[in-house]
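The next block holds one structure in the form of structure tokens; read it before the comments.
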Number of protein chains: 2
Amino acid sequence: MRRMTARPANAHQARLLKLLRDGGPNSRAQLGDQIDLSRSKLAVEVDRLLETGLAVADGLAASRGGRRSHNIRLNPELRFLGVDIGATSVDVAVTNAELEILGHLNQPMDVREGPVAVFEQVLSMAAKLRATGLAEGFDGAGIGVPGPVRFPEGVPVAPPIMPGWDGFPVREALSQELGCPVMVDNDVNLMAMGERHAGVARSVGDFLCVKIGTGIGCGIVAGGDVHRGVTGSAGDIGHIQAVPEGRPCACGNRGCLEAHFSGAALARDAVEAAEQGLSEELAARLAANGTLTAVDVAAAAAAGDATALALIREGGNRVGQVIAALVSFFNPGLVVIGGGVTGLGHTLLAAIRTQVYRQSLPLATGNLPIVLGELGPTAGVIGAARLISDHLFSPA
Amino acid sequence: MRRMTARPANAHQARLLKLLRDGGPNSRAQLGDQIDLSRSKLAVEVDRLLETGLAVADGLAASRGGRRSHNIRLNPELRFLGVDIGATSVDVAVTNAELEILGHLNQPMDVREGPVAVFEQVLSMAAKLRATGLAEGFDGAGIGVPGPVRFPEGVPVAPPIMPGWDGFPVREALSQELGCPVMVDNDVNLMAMGERHAGVARSVGDFLCVKIGTGIGCGIVAGGDVHRGVTGSAGDIGHIQAVPEGRPCACGNRGCLEAHFSGAALARDAVEAAEQGLSEELAARLAANGTLTAVDVAAAAAAGDATALALIREGGNRVGQVIAALVSFFNPGLVVIGGGVTGLGHTLLAAIRTQVYRQSLPLATGNLPIVLGELGPTAGVIGAARLISDHLFSPA
DNA sequence: CCCTCTTTGTCCTGTGAGTGGGAAAAGTTG
DNA sequence: CAACTTTTCCCACTCACAGGACAAAGAGGG
């Protein structure tokens, strides 16, 4: 099949495509209810979408008391690729035009191997997904990278944890390789977009999405749009000082949040506790695997291990303290916690909530839910698909 | 003269009005260069503005090499009222449609006296300005209050420092009294809008405006728009914890930024230092006036008093630490420092800069000016006038 | 099964916004 | 005074869109 090359010709068509994407198949009449257009104009625009192949007819809709309407849906053969490059692993997924995940692969991998090696991996994963018959090609791809991105150009800038990526033309290179349009963004921003599209943040216009993985970052959504800042580094909260004169951090300062709590810091603390004999549970796991991760700490905590619980609580307090400051500043309507350490679950959440509710003013916290992300590892790839579909479903 | 009641009938007219407001008198041809409309259409819309009296003809423009053009300007009889209610004083100013200040009054006053007493004062100041012949009436008024505001309704909500104002229908009451449209916002947001309209932040789309007066607040401008948060309390950074287990604050917590550095805290510290005999300069001023304010500290510092300088530096460090966190989070293109304590000048600025440049990542601080506000006490009233003019110069 | 009512889809025309060209008016420059 | 510019006014033409008329298709009642 030839890939779709059409783009909406005007704002109406773009609007219709987004309605179909977010609301699934719809009858012409239902579309008419949601959009402010005369029936004649609507019919013309829908016909154009059918002509260009962006949408297709899909049988008859149920009757609403009169003549039955024809259903319209986005072309079911459209395929988006969502790529979420984390610090230690890559997620690649294929979605249809409604951003439903049709296939999803995850592989451990170190970003520090550099863009060339990583993209080789990504492309082979994409090829594997294609080989299963899920897709014959891709109409667009969204890529998330764990660092700041100059958004318009799709180029990482000065990424602390991924040297070698600085200035690498990710967007252009992948667009060339995949033969389709590509958009690049920070992985945390994509997670926020994912949760907003299909997760807990559906229909919330102002919220924060804190991702605690190997590092810590924060997606900022203001007025429905992602705020990226002037250099694309907005949300980079890992190096906010959480502890005056605290631990040294890789960035050269002391007391950075990331140095005190993150997947990496937690693992280090756990190993230390195990070696000092503070926790049998952790020691046993260390002996078994030779190493510890956040998952081990979560398991130990679930088993009631006091040391593990204390580690989580202390970390939660640190993060909560920073989030409390951000809540006072930003006054969001929701805070979503996501990333690798969400396995720590309720213990972590409780510690964070305690800090935030205690330290921020009642007006800001009064009706502020602080919840775990709903989509887990798929948030990033869904957000990536959403990014490119937003781009492609806008007037050219 | 009857007040203008016309409003722009469409987006083109609104656009033209804003061009005339921000760019001053302009010829039709110059307007044509700035707006994407055919000459014929432009002529029609300009004529309508002239008909409704929103704009007037204003002589001939200089020739650009051919026939001379007629100048168009906003009706010079339009008057906006800008009101900036601070914790301890009120500013009231009259502007023309181009937001130039024609008259400005300032009076000490305590907000805690409640809305009725304050508005009596404001109305009498407005009447005084009117009596000078500057205005025969007002076409709109913008009001800034020192606390969170539910923006669409123009009602203060749960303002910590102004009990008695909670839920008071400021917008409606003043609209009734003044007989013109009124908009209400947080005073810090208005300061940000003022600096953006006519001060250092001209043409900066993403910046923070930190106002250090009796308390501390922060105006947030993202993508050219003020971010107010879901409950209108965004930017309320005075109660972010700056010192773990620090001084008790009126809010019930400990270590709030505001408890450690603000006009009020600085005055308290200065008195304490004077009484302990740490500073002759401050002691002399205390003896002379019976009290000390930020102005005294500034004067003492200017005279080289070591204690005063130390107080300023320490305060600057505290604020700088918080701003550093906000810079990491928000990634602004500019930070403006304003409010009553700007008299502390370079010493304060240097302390803040040091902290921010040290604690935030280079990508965020690389090209980040941190400067004093340019407009001083007029920022608030200009912002207020801007607020109402933005409202009135939008399609109805 | 027939009749009426409702909903959906199509066609057609009127309207108003907006564009673009040309001519007249009003300048400047040499 | 002639040649050239710029502004302004006027007019015809295009285009998007609304809204009504009408046909098609189905539901439901007698």
Side-chain angles (χ1 to χ4, degrees), chain A residues 6-20 23-74 393-396, chain B residues 6-20 23-52 54-74 394-396:
Chain A
R7 289 280 291 277
N10 59 41
H12 298 308
Q13 291 183 25
R15 182 88 198 287
L16 286 170
L17 290 172
K18 286 176 184 173
L19 281 176
L20 290 171
N26 254 297
S27 70
R28 289 161 118 99
Q30 281 174 306
L31 289 173
D33 295 342
Q34 297 172 69
I35 203 172
D36 192 30
L37 276 180
S38 66
R39 275 176 313 176
S40 25
K41 181 62 183 164
L42 177 67
V44 170
E45 296 300 353
V46 169
D47 285 346
R48 293 227 181 106
L49 288 181
L50 295 176
E51 269 170 41
T52 58
L54 282 167
V56 298
D58 185 41
L60 289 169
S63 167
R64 298 201 295 185
R67 173 174 173 177
R68 295 172 64 192
S69 178
H70 289 274
N71 259 341
I72 306 293
R73 62 175 301 180
L74 291 175
F393 291 171
S394 296
Chain B
R7 289 280 291 276
N10 59 41
H12 298 310
Q13 291 183 26
R15 181 89 198 285
L16 286 169
L17 288 173
K18 287 178 184 172
L19 282 175
L20 290 171
N26 254 297
S27 70
R28 291 159 118 96
Q30 282 173 306
L31 288 174
D33 293 343
Q34 298 173 70
I35 203 172
D36 190 32
L37 276 180
S38 66
R39 283 165 313 179
S40 17
K41 182 63 184 163
L42 177 67
V44 169
E45 298 299 354
V46 169
D47 284 346
R48 295 228 178 107
L49 288 181
L50 295 176
E51 267 170 42
T52 58
L54 283 167
V56 298
D58 185 42
L60 290 168
S63 167
R64 297 202 296 188
R67 172 176 171 177
R68 292 173 66 193
S69 173
H70 289 275
N71 259 343
I72 307 293
R73 61 174 302 179
L74 292 175
S394 295

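In what follows, chains carry the letters A, B, and so on, assigned in the order in which the sequence lines appear, proteins first and then strands, with residues in each chain numbered from 1. Please read these numbers as outputs of a predicted model, since none were measured by experiment.
Rounded to whole Å, atom P of D:dT7 lies 12 Å from atom NE2 of B:H70. Rounded to whole angstrom, the span from the CG atom of B:N10 across to the C1' atom of C:dG16 amounts to 13 Å. Remark: C1' of D:dT7 and CD1 of B:I72 are 12 Å apart, rounded to the nearest angstrom. Residue A:H12 contributes atom NE2, which lies 12 Å from atom C1' of D:dA18 at whole-angstrom precision. One can place CG of B:L42 at 16 Å from P of C:dA17, the figure rounded to the nearest angstrom. Atom CG of B:D33 and atom P of D:dT7 are 8 Å apart (whole Å). Between B:L31 atom CG and D:dT7 atom P the separation is 11 Å, expressed in whole Å. Atoms CZ (A:R48) and P (D:dC15) sit 11 Å apart, rounded to a whole Å.
Here B:R28 pairs with B:D47 in a salt bridge; the nearest charged N to carboxylate O distance falls below 4.0 Å.
Minimum heavy-atom separation, B:S27 to B:N71: N-OD1, 3.3 Å. Contact record, B:S394 with B:P8: O-CG, 3.5 Å, taken as the closest heavy-atom pair. For the residue pair A:L74 and A:V56, the shortest heavy atom distance occurs at O-CG2, 4.2 Å.
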B:R48 vs B:E45, side chain to side chain contact (heavy atoms under 4.5 Å, CB included): CA-CA, chis, key distance, verdict: CA-CA 5 Å; B:R48 295 228 178 107; B:E45 298 299 354; 3.9 Å; yes

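Residue contacts shown for A:A43 are absent, as no nucleic acid heavy atom lies under 4.0 Å away.
When the side-chain nitrogen and oxygen atoms of A:S69 are compared with OP1 and OP2 of C:dT7, none of them lie within a distance under 4.0 Å.
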Contact state string [nucleotides 19-30 of chain C, B base, S sugar-phosphate only, - no protein heavy atom under 4.0 Å]: BBBB--BBSS--

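Side chain of B:Q30 to main chain of B:N26: no donor-acceptor pair is present (N/O by atom type, distance under 3.5 Å, no hydrogens or angles).
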